[in-house]
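The structure under discussion appears below in the form of structure tokens.
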Amino acid sequence: MNAIPGAGVAAPTAGRPSSGAARQSSLREHNLAVISQAIFASPEPVSRAQLAAQTGMTRSTVSRLTEELIAARIVAEHHPTGGRPGRPAVPLTPARGSFAGLGLQVNVDYMAGRVMDLTGAILAEEYVEGDFESSDAAAVLARAADLARRLLERAGATGARVAQACLGLPGLVDAASGRLLLAPNLGWHEVRPAELMGADALPAGTALVVDNDANLAAYGLANTAPGRSAPSSTFIYVGGDIGVGAAIVAEGTVVLGKHGWAGEIGHMAIEPAGPQCHCGARGCLERYAGKHAVLEAAGLPLETSTAALAEAAASGYGAARAAVERAAWALGIALAGVVNLVDVDEVVLGAGYIPLVDLLRPGIEEQLRVRTLASPWMRVLLRGAPADPAPAATGGAMRALRTVIQQPAAWTGTFA
């Protein structure tokens, strides 16, 4: 991953002990981050006085730090509102149209991208249908690079500066090295996306972060806007495109596991002697609840949309209805195991499952009731995610902005 501009430690100031200068610089950066995160986390505009009360800093310190954030175009101030006599409050909010995050997503049957600014406004987006099952990684990622260039050109026309890009892929990702280790449905193994996309896919100095697509989709659901947590912040997210991916979110944080590979629910065994999976094992959840598996069982063409599948299943008890009920049974078994293991009482069905939520609900809830040990004392809430054709692109754009919100000192002077 490329270094963030300005993230290096400054040289000691002449005439001061280097250790003291380092401590002073670190304190300023820490306090700047605290103020930045407080402004972004607030659902309403916040004043300097409110920030001082919230953080425990003096008003003069808060004022100095907010002026830095305003000058950096990370924060914007608005017209004063009524406050104490003679001291009107000046509302502070995230800045519009300055920094932006690029979220990219490549899945088996589409790729997509979104550029989002610090307020959560979409500056550019594009969705491209395709057939990337068992595909050539170099060819597909070259197309993703072209998509990134188009989006960045449109976003750049607004005057925004992309701070970082996040790419979501359906498989095991080593985020530290930026490698995709394995994506069974894409047919990819040991891929370095940044290298295959090319050095000119992103502006010089812009980092490309690679992550699992379910992790990024869940991150987007855990936040209502960049830096602002959603009211419901502890849940299991399950997305069902061709494969089945999941993420565990605890108090707004996506739980990654030791290696970053948590959430591979699609390869939990439902029946150890069941049908062969692309991963090489048998009886995996996605062989019962993945989109292609359900369409095959329903006797429908693989290009059938999930909405059309839902309509067919809702029309009567035919093969489509039986296939959806079989998927619900398998999902319920897998989710009960996760609930028993991590003690989460909310499940969010996203991606391809959204049109099927009402049809899947009875079967999933029955398995949760029977198989969750704590079910007599705990009800697991099952809900659908908001409709979004590319949720990892949305979550990726939000995730890309986290560096600006949490490390604002590294971005001061960018627009100078």
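Computed from a predicted model, the values in this text were never measured in an experiment.
In this structure, CD on E68 lies 6.5 Å from OG1 on T412, to the nearest 0.5 angstrom. Atoms CG and CD, on L27 and E29 in that order, are 10.0 Å from each other to the nearest 0.5 Å.
Aromatic rings of Y353 and Y237 (six-membered ring for Trp) have centroids beyond the 6.0 Å cut-off, not under it.
Here the side chains of D345 and T234 are not in contact, with every heavy-atom distance at 4.5 Å or above.
Annotation: salt bridge (Lys or Arg N to Asp or Glu O under 4.0 Å) contacts of E271 (sequence neighbours excluded): none. Applying the side-chain hydrogen bond (donor to acceptor under 3.5 Å, both in side chains) rule to R228 yields no partners; only residues at least two apart in sequence or on another chain are considered. Every salt bridge (Lys or Arg N to Asp or Glu O under 4.0 Å) that R361 has, sequence neighbours left out, goes to E365. Every residue was checked against the side-chain hydrogen bond (donor to acceptor under 3.5 Å, both in side chains) condition with S315, not counting sequence neighbours, and none meets it. Under the salt bridge (Lys or Arg N to Asp or Glu O under 4.0 Å) criterion, D200 pairs with R149, not counting sequence neighbours. The salt bridge (Lys or Arg N to Asp or Glu O under 4.0 Å) search around R96 returns none, not counting sequence neighbours. For the side-chain hydrogen bond (donor to acceptor under 3.5 Å, both in side chains) test, residues two or more places apart in sequence or in another chain that qualify with H78 are T93. For D388, the side-chain hydrogen bond (donor to acceptor under 3.5 Å, both in side chains) test picks out R114, T394, with sequence neighbours left out.
N340 places a side-chain N or O within 3.5 Å of a backbone atom of A336 that can act as its donor or acceptor partner.
If you run side chain to side chain contact (heavy atoms under 4.5 Å, CB included) between L102 and each of L401, L167, T206, L152, only L152 comes through. For the side chain to side chain contact (heavy atoms under 4.5 Å, CB included) with N107, the qualifying choice from L186, N185, D213 is D213, the only one to do so.
Considering all non-hydrogen atoms of both residues, G97 and D117 come closest at N-OD2, 2.9 Å.
Residue pairs that meet the side chain to side chain donor-acceptor pair (under 3.5 Å) test with at least one member in residues 243-254, sequence neighbours left out, do not exist here. Among pairs with a residue in residues 367-380, those fulfilling side chain to side chain donor-acceptor pair (under 3.5 Å) read E366-R369, Q367-R371, at least two apart in sequence or across chains. The list of side chain to side chain donor-acceptor pair (under 3.5 Å) pairs with a residue in residues 34-48, not counting sequence neighbours, reads S47-Q50, R48-T66, R48-E67, R48-E77.
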May I have the list of side-chain donor-acceptor pairs in residues 217-226 shorter than 3.5 Å, sequence neighbours left out?
unit_1	atom_1	unit_2	atom_2	d
N223	ND2	Y219	O	2.9

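Relative ring orientation between Y110 and Y127 is described as parallel, the plane-to-plane angle staying below 30° on a 0-90° scale split at 30° and 60°.
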